[in-house]
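Working notes for the structure below.
This one's a predicted model, so the numbers in the text were calculated from it and none came from an experiment. We use all heavy atoms of the structure for the numbers below, so side chains are in, but hydrogens, waters and symmetry mates are not. Quick note on labels: first sequence line is chain A, next is B, and so on, each numbered from 1.
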Protein chains: 8
Amino acid sequence: ERTGFPEVVYGEGKTADEIIRIFRSLKEHSEVLLATRIDEEKGRKIVEVHDDCTFDERSGTVYKKKPLEDTEHYIAVVCAGTSDLAVAEEAAITAEVFGVRVERVYDVGVAGLHRLLGEIERIRAARVSIVVAGMEGALPSVVGGLVAHPVLAVPTSVGYGANFGGVSALLSMLNSCSSGISVVNIDNGFGAAYNAVMIEKMAGS
Amino acid sequence: ERTGFPEVVYGEGKTADEIIRIFRSLKEHSEVLLATRIDEEKGRKIVEVHDDCTFDERSGTVYKKKPLEDTEHYIAVVCAGTSDLAVAEEAAITAEVFGVRVERVYDVGVAGLHRLLGEIERIRAARVSIVVAGMEGALPSVVGGLVAHPVLAVPTSVGYGANFGGVSALLSMLNSCSSGISVVNIDNGFGAAYNAVMIEKMAGS
Amino acid sequence: ERTGFPEVVYGEGKTADEIIRIFRSLKEHSEVLLATRIDEEKGRKIVEVHDDCTFDERSGTVYKKKPLEDTEHYIAVVCAGTSDLAVAEEAAITAEVFGVRVERVYDVGVAGLHRLLGEIERIRAARVSIVVAGMEGALPSVVGGLVAHPVLAVPTSVGYGANFGGVSALLSMLNSCSSGISVVNIDNGFGAAYNAVMIEKMAGS
Amino acid sequence: ERTGFPEVVYGEGKTADEIIRIFRSLKEHSEVLLATRIDEEKGRKIVEVHDDCTFDERSGTVYKKKPLEDTEHYIAVVCAGTSDLAVAEEAAITAEVFGVRVERVYDVGVAGLHRLLGEIERIRAARVSIVVAGMEGALPSVVGGLVAHPVLAVPTSVGYGANFGGVSALLSMLNSCSSGISVVNIDNGFGAAYNAVMIEKMAGS
Amino acid sequence: ERTGFPEVVYGEGKTADEIIRIFRSLKEHSEVLLATRIDEEKGRKIVEVHDDCTFDERSGTVYKKKPLEDTEHYIAVVCAGTSDLAVAEEAAITAEVFGVRVERVYDVGVAGLHRLLGEIERIRAARVSIVVAGMEGALPSVVGGLVAHPVLAVPTSVGYGANFGGVSALLSMLNSCSSGISVVNIDNGFGAAYNAVMIEKMAGS
Amino acid sequence: ERTGFPEVVYGEGKTADEIIRIFRSLKEHSEVLLATRIDEEKGRKIVEVHDDCTFDERSGTVYKKKPLEDTEHYIAVVCAGTSDLAVAEEAAITAEVFGVRVERVYDVGVAGLHRLLGEIERIRAARVSIVVAGMEGALPSVVGGLVAHPVLAVPTSVGYGANFGGVSALLSMLNSCSSGISVVNIDNGFGAAYNAVMIEKMAGS
Amino acid sequence: ERTGFPEVVYGEGKTADEIIRIFRSLKEHSEVLLATRIDEEKGRKIVEVHDDCTFDERSGTVYKKKPLEDTEHYIAVVCAGTSDLAVAEEAAITAEVFGVRVERVYDVGVAGLHRLLGEIERIRAARVSIVVAGMEGALPSVVGGLVAHPVLAVPTSVGYGANFGGVSALLSMLNSCSSGISVVNIDNGFGAAYNAVMIEKMAGS
Amino acid sequence: ERTGFPEVVYGEGKTADEIIRIFRSLKEHSEVLLATRIDEEKGRKIVEVHDDCTFDERSGTVYKKKPLEDTEHYIAVVCAGTSDLAVAEEAAITAEVFGVRVERVYDVGVAGLHRLLGEIERIRAARVSIVVAGMEGALPSVVGGLVAHPVLAVPTSVGYGANFGGVSALLSMLNSCSSGISVVNIDNGFGAAYNAVMIEKMAGS
Ligand SMILES: Nc1ncnc2c1ncn2[C@@H]1O[C@H](COP(=O)(O)O)[C@@H](O)[C@H]1O
Ligand SMILES: Nc1ncnc2c1ncn2[C@@H]1O[C@H](COP(=O)(O)O)[C@@H](O)[C@H]1O
Ligand SMILES: Nc1ncnc2c1ncn2[C@@H]1O[C@H](COP(=O)(O)O)[C@@H](O)[C@H]1O
Ligand SMILES: Nc1ncnc2c1ncn2[C@@H]1O[C@H](COP(=O)(O)O)[C@@H](O)[C@H]1O
Ligand SMILES: [Mg+2]
Ligand SMILES: [Mg+2]
Ligand SMILES: [Mg+2]
Ligand SMILES: [Mg+2]
Ligand SMILES: [Mg+2]
Ligand SMILES: [Mg+2]
Ligand SMILES: [Mg+2]
Ligand SMILES: [Mg+2]
């Protein structure tokens, strides 16, 4: 592919059999594999056949990674709590499959600022951050104000009531008063990782 | 009034003359006066007649306060930047007219967390906080996580694009992951102050 | 915890086993326990293990309360009909677990004003009211006009057609013409109680 | 006209001259006249030519009524405060031009229930009520619960913030928990009156 | 009841047992019975116990009617096609339980105007019409233009795509260019019937 | 141009001088000219310089047409009342500038069906219809049910209250129960004409 | 039927038995048959009885076609990827049942422009195109800019996050900067085909 | 500033005098200056005092740049037509003030793909692209599919009808089927440039 990125299978609406077949053909020219939006049943079936692949239920991904090169450069994947982990892991695994080191900085929501501040140097040392947040979606603004690198913000559909399936978080992120933040679609961990990896790779090693 | 609160004139849709007349009659039984939503032209006309009143253009209020009692107890009115000052001042002036001491903690947006952290003790020492924010509306969540008293959150209509006249901030506040936050209507500084004063007075002196 | 409030488990997205474990560890330093958003299956499992806890199906809570001190002070929890009871009870139980006396004033919708007026003294005598309403969400405005204390309004998602999952009630409450009302997220009985308890405790005993 | 109702001119988008001409031709077969949505400039021009007509600035109507027959039957037009008067008067004047007696019951908002209860017998004695309300739009629900006749509810665009130009009041009315309420478009005082008069006339004298 | 109307059970969120109990107690002072929003399982259970009641699956109602008096006066219930029948029948059965004669004029959508025109005299002869429509919701406007009596318009949630669960039809009806139309909530056949019966009864026999 | 259609100037955001210049250069290879969205001031300026052009204030167009060939084939442009004329004329003039005969069938709203039925043969005889409607947007559904040719539906932003700047009419048209209707953007008379002319020309002469 | 088009059964809300009966009666005067919105279970049942019909699961249609005449004229049905195929096939099958030749141009999304450009002559040679797209809905704009015939755009509900069930694609299509595009309801492949066939037939053979 | 970026003045809601004063103080430590959202009147006043600054009316900016270093690296700023130039120029000027070379690729909308394809190499050679689009917002998807570097998408509020002030374009961009696209707020040319410059600088010279 012109972009030099491995092809990723979007699992929604595809059967396990279809994905198994696609993986077979992808293996002909690719050492790594990734399928997203895979539910438990499909995941189990795929890794039965492709037993060099891992199924991660939480993020709904099936993947095969290569060992990463040793490097000080990384992408930080940041989120608040358990409820955003699915999307954060979709982003983290995608970046790793694409060959980039990831630091996971989880459980650092804005309601407990001390935890975030305790981890801030680990975030600051990244070249790009992916910040995942549901509900009020404030985390990217706060992180964006504390770091000097690009922040990819991912709203999640987690929450209830007036969160409207992620719209509340999406609007927060679009209206952020911190500079250096751009936004991808609700729950689109994959898309954030794709962008982050592009930026990371551009920066060189 | 049963509530023990002075009557406040909502200026929208009333002429200067009407407000002048209402103030005249209110003076018969009240030492303090407050009218909100007053534009410059009306404001000038009213204070020409009622020259014991002050017109504050920024907040669109005309008021007459009594000197406050000396007290360590206060309401904190917190906001980010110049653009939210109108609403913050509507809240602050309302609280002062109602006889409660106010500490203004302005220019402490989430994009510059150090400024907020530098002022946090002044906010923590309040009995109630009114936190005003437009755009992504993240400030009440951050403040709410740092203080142990009730936070009244006021979304403002300030911003552009996908802020939708304050809806973005409103949704953020309703979906806050911090506990102890309740919300009033967009731009309703008066309403936040009314609530805050009720709580403050209940706590005693 | 700095706030002096017991930690509460938000059950959505957690398994029964996870909650059972969390309760075990919470018991080490807390006499009371509360988990919200618990469905029947999870609830049964949890109380099988933690048999000093009660599962309340209607409100989806599992809790362990301490006997309340004898006091004339209380929070009123007010709602219209059967359909809002789940949220009202989430609020009431939360407040009780937090150690505050609650008066339940149920079945007092605005369509039958005489019932509400018959109970109004019981509401007036509270220090704070939590008013829960779905559909047109008018109850907090009516109660707010009749009492002189703070009203926490909770919109519920109950209804059909143009209620839009609670948006109709939410907007009513935000636009209330009564003063002294602030609003929490749709169906957020817990949040209303958290605020109400904060205010109640501030007022002292 | 088949309906037996006088033709009414909708002034929006018509010039004063056009309305003057239309009135001239309507006079050929009608003793009464009504034009709605007329601003001050147009209104002055029309009554200069048609000096048997009255221009009511508040409601934006120009009209010529016939004296009403003496009757105990009437339509009640009910609203809260000054801000809804324009729409209430559009309704009241329309009904009077159509030959029906109107009782105006103004300044009876839900935030001050005692005033409403003080007037309730005057409303109950009507055959139909038109209830006009902006902001939270709760008044029709409360009135609907107190009377046994049909209530036409008219949301108004009055308010600010999350009232969304009348949507908040509209939704409240559509979701009313009181029976016997039907709704017309935001600010459509004319439409409510048209319906109310139809019902009133059907009931006979 | 002050209104002289039988009490109706809103089935949503009530168990079959609860409704069976309520019916038992209603029977003490009422010859007719009505419960709405009843699914098949609940319906079967209720009529097993109350075998003088009928369960109508299409409209989700359980009811017991009295024979109607012989009369030329009636309410027309009008709708387009099979998809709106559930709501139309909720309206028709409600009116009949309340003691009013109903003429059903079904299968007369605006896409086939000849059918509607063929039935128009039957509609015109009614004292009130209930017009039920989903999708584009145009039927009440067309009927309203052809009849001289009040039209209660009921939007339904039937359709797909940009119908938004009935919002499309609701907005059409609120913005109708025909006079004499008022609107109830989406799918609220009961509410339309309640209004229509009030008007019908007022007109006398 | 590949499409064989004259180039049309979209006037919004262009100065009179810019349009004058563009017209000058278009004249080099085109006998006809059209600019849309032109307000009065700009219109007057343009026709002062290009005095072979006509300014039509109602539709906001400046144009130069060629005489049409004599033909029995035409496009019908259909609308209800005065308020939709601007958009209807934008469509009609566009079609005429593009060399197609237009029959204007105005003042045929659904509230007065007899007028529409009186003109229906003139509409039926067209090869394509453009049906323009604001408010409830029902006209295309009714026309679509009566003709056997394609209907281009144009919602207009005319109305007030819950018409939401044309959204009500747009949704009606998208949800039409009549077949053979497709929709263009709100107020987009030009776009409807462009489509209609394409279809008309394809049908041959 | 006046339109000369076969009657099509809209399967939603009809039982297999009802459709089987309708097909039986349609067969009396029609050689072709079509039912849309048929799920697998219903589809299987129908073709068991009507074994001259085909059930296409992907598009949810049951149909019986006649062999098409040999012709160079056709409708192009264009879409991006697997996820829009259901709607594209509903359109293609409808057109074929109506007797028009269809060229399917699938897998030509805007993210891979070279594929689209490689197929563009096949699209250009059509007399009408139906362009189906979900997510950002950009394909009709790109195709519309490349062809000189009418484009019927069909938004699909495919996607996640801020696609809002097809609203994102719908708005894109309504706001297209390409001329010659008109839009039908979300997922309405049938409606697009109906329009396209009308246009195709008008153009003659 | 920690970020190494010059401070930018957001002009909305600031007076000319305030901005003049801020510029004066910024000059003490910065060679470059930038204020955005400046209307004509303010712009003229500011450059009268700060005559080393330029006022660009189209983009509403006042700025002072330094000569750029000679470099092959640049950011591409891409847009369709005249109507998006204001936002495109806000982006381009911001990037230049921040010291980065910009290539402007204007007038390349998706409706005229040949123009875009003619310029595509100039876009491909950039390290980052800012793609600005109103109406249907399809341009970033098309560009994103053709380049292998990060694309910052900026929706603009340009358009009419169902564009809803930029929401249509915003949703298109969030739902893009091309990878490597992230989105900023409607009309936020400044924000896109800030992100792009961060990425560009990270890539080194
Ligand atoms: N979770 C995801 N969200 C959005 N896009 C995705 C996701 N996973 C994969 N994709 C994109 O979908 C493309 C594959 O789509 P498909 O050919 O339908 O499997 C990939 O190349 C990615 O660009
Ligand atoms: N800025 C404000 N926003 C909302 N409500 C207000 C405001 N100012 C005053 N009010 C309320 O409006 C009431 C007075 O309304 P009015 O009688 O129309 O002047 C006061 O008693 C307050 O409850
Ligand atoms: N304020 C109003 N709101 C809605 N409809 C109105 C109003 N005033 C008059 N109308 C209706 O508009 C019709 C006249 O419209 P027109 O012919 O445009 O003047 C009247 O017959 C009424 O049905
Ligand atoms: N056009 C713009 N849109 C959004 N943010 C801007 C814009 N221009 C400047 N800013 C941001 O606003 C900050 C300055 O805000 P202020 O202190 O209110 O002038 C800058 O540092 C930028 O981060
Ligand atoms: Mg930063
Ligand atoms: Mg706190
Ligand atoms: Mg009160
Ligand atoms: Mg009643
Ligand atoms: Mg009528
Ligand atoms: Mg037709
Ligand atoms: Mg084209
Ligand atoms: Mg790319």
Side-chain angles (χ1 to χ4, degrees), chain A residues 79-84 107-117 120 123-124 131-148 151 153 155-183 186, chain B residues 79-84 107-117 120 123-124 131-148 151 153 155-183 186:
Chain A
C79 75
T82 42
S83 46
D84 298 322
D107 198 17
V108 292
V110 299
L113 213 55
H114 54 286
R115 284 244 338 113
L116 175 62
L117 294 176
I120 196 63
I123 305 176
R124 270 200 185 122
V131 186
V132 178
M135 298 171 77
E136 88 273 69
L139 192 57
S141 289
V142 174
V143 170
L146 294 168
V147 306
V151 170
T156 70
S157 55
V158 165
Y160 63 88
N163 88 321
F164 302 126
V167 168
S168 169
L170 171 64
L171 295 183
S172 277
M173 292 170 183
L174 287 169
N175 288 290
S176 176
C177 52
S178 297
S179 297
I181 295 175
S182 65
V183 186
I186 296 165
Chain B
C79 74
T82 40
S83 46
D84 298 323
D107 200 17
V108 293
V110 297
L113 212 57
H114 53 287
R115 284 242 342 112
L116 175 62
L117 294 177
I120 196 64
I123 305 176
R124 271 203 183 117
V131 185
V132 178
M135 300 171 75
E136 89 271 69
L139 194 54
S141 288
V142 174
V143 170
L146 295 168
V147 306
V151 170
T156 70
S157 55
V158 165
Y160 64 88
N163 88 318
F164 301 127
V167 168
S168 168
L170 170 63
L171 296 182
S172 278
M173 294 169 181
L174 287 169
N175 287 289
S176 178
C177 52
S178 296
S179 295
I181 296 176
S182 65
V183 186
I186 297 165

- Item | Greatest number of heavy atom pairs closer than 4.5 Å to chain B - which of A:Cys177, A:Ser178, A:Gly137, A:Ser179 |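 With the most close heavy-atom pairs to chain B, the winner is A:Cys177.
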- Please determine, among B:Leu113, B:Val142, B:Leu174, B:Leu170, the option with the most heavy-atom pairs under 4.5 Å with chain A.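 Among B:Leu113, B:Val142, B:Leu174, B:Leu170, the one with the most close pairs to chain A is B:Leu113.
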With distance as the sole test, does [X] use its side chain to make a donor-acceptor pair with the main-chain N or O of [Y] at under 3.5 Å?
X: B:Glu136; Y: A:Ala138; result: no
X: A:Asn163; Y: A:Val158; result: yes
X: B:Asp107; Y: B:Thr82; result: no

- Message: Is there a side chain to side chain contact (heavy atoms under 4.5 Å, CB included) between A:Val143 and A:Val108? Walk through the geometry before answering.
- Response: CA-CA 10 Å; A:Val143 170; A:Val108 292; over 6 Å; no
- Query: Contact part of B:Tyr160 toward chain A, heavy-atom cut-off under 4.5 Å: side chain, backbone, both or neither?
  - Reply: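 The backbone, not the side chain.
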- Non-hydrogen atoms of chain A under 4.5 Å away: do they reach the side chain of B:Leu139, the backbone, both or neither?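 Contact with chain A: none, neither part.
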